[in-house]
K.L.:
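Structure incoming, see below.
It should be emphasised that the depicted structure is a prediction, and the values quoted were computed from it without experimental measurement. Both counts, for ligands and for their atoms, begin at 1 and track the order of listing.
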Amino acid sequence: MTKEIMESAAERSSSQQVLNMAVSSFETLSALLGLTAYIEPALRARSAAAKLPAFTLDQVSEHCWVDDCWVVLYDRVYDVTRFLDVHPAGADILLESAGRDATSAFRGVGHSQQAVDALLQYQVGVLVDAECMWPASK
Ligand code: HEM
């Protein structure tokens, strides 16, 4: 039984490695070719994200203030407090999603790759596995 569990864990970890390699090869190739392909944030290989703390949606909801504003995008947690004043569409639209999952609002606008890249600097964590909706995002 223990052996089966270990084998299944090893299989899962090696398929994750293959997936990460495929995504990062695609990103490297795109960079080399100078392509500006829009890479869905949920599909990005983010090994660094694994080291960030995990929060529940309940914990995120405590940060719903103008001076302490977190949002969830693609199962990742962002502290956008210092971004409120520089968001091109203003602070109010972001504050509507303060402390919540803002993925569909973010997608609905059709943000550019530049906007997606801007996200990186604000990430403070990930959602706990049980509350993730985007399985490929870790
Ligand atoms: C931290 C998360 C966000 C970042 C980094 C971000 C970044 C940006 C950037 C860079 C732009 C300029 C246009 C572009 O490059 O796409 C933009 C525009 C905009 N954003 Fe956000 N945004 C965020 C979250 C949101 C959310 C949650 C909403 C809610 C609906 C939103 C609504 C808009 C709107 C309406 C525009 C104007 C689009 C236009 O005029 O074409 N943003 N955002």
K.L.:
Quick one: does V116 get within less than 4.0 Å of ligand 1, heavy atoms only?
P.N.:
no
K.L.:
Would the distance check show the side chain of D79 and the main-chain N or O of V124 forming a donor-acceptor pair, the cut-off being under 3.5 Å?
P.N.:
no
K.L.:
Is there a heavy atom of F106 sitting under 4.0 angstrom from any atom of ligand 1?
P.N.:
yes
K.L.:
Return yes when at least one protein heavy atom is under 4.0 Å from atom 15 (O) of ligand 1, and no when none is.
P.N.:
yes
K.L.:
Okay, side chain of Q59, backbone of T56: is any donor-acceptor separation there less than 3.5 Å?
P.N.:
yes
K.L.:
Does any N or O in the side chain of S61 come within less than 3.5 Å of the main-chain N or O of G99, such that one atom is a donor and the other an acceptor?
P.N.:
no
K.L.:
Do Q114 and ligand 1 have an N or O pair less than 3.5 Å apart?
P.N.:
no
K.L.:
Which option out of G90, G108, A102 puts a heavy atom nearest to atom 27 (C) of ligand 1?
P.N.:
A102
K.L.:
Tell me whether the rings of W70 and F55 are parallel (<30°), tilted (30 to 60°) or perpendicular (>60°).
P.N.:
perpendicular
K.L.:
What do you reckon, does S97 have a nitrogen or oxygen under 3.5 Å from a nitrogen or oxygen of ligand 1?
P.N.:
no
K.L.:
Is ligand 1 less than 4.0 angstrom away from at least one heavy atom of Y122?
P.N.:
no
K.L.:
Got a protein heavy atom sitting under 4.0 Å from atom 25 (C) of ligand 1?
P.N.:
yes
K.L.:
I'd like to know if the side chain of R107 pairs up with that of Y74 as donor and acceptor (distance under 3.5 Å, no hydrogens or angles considered).
P.N.:
yes
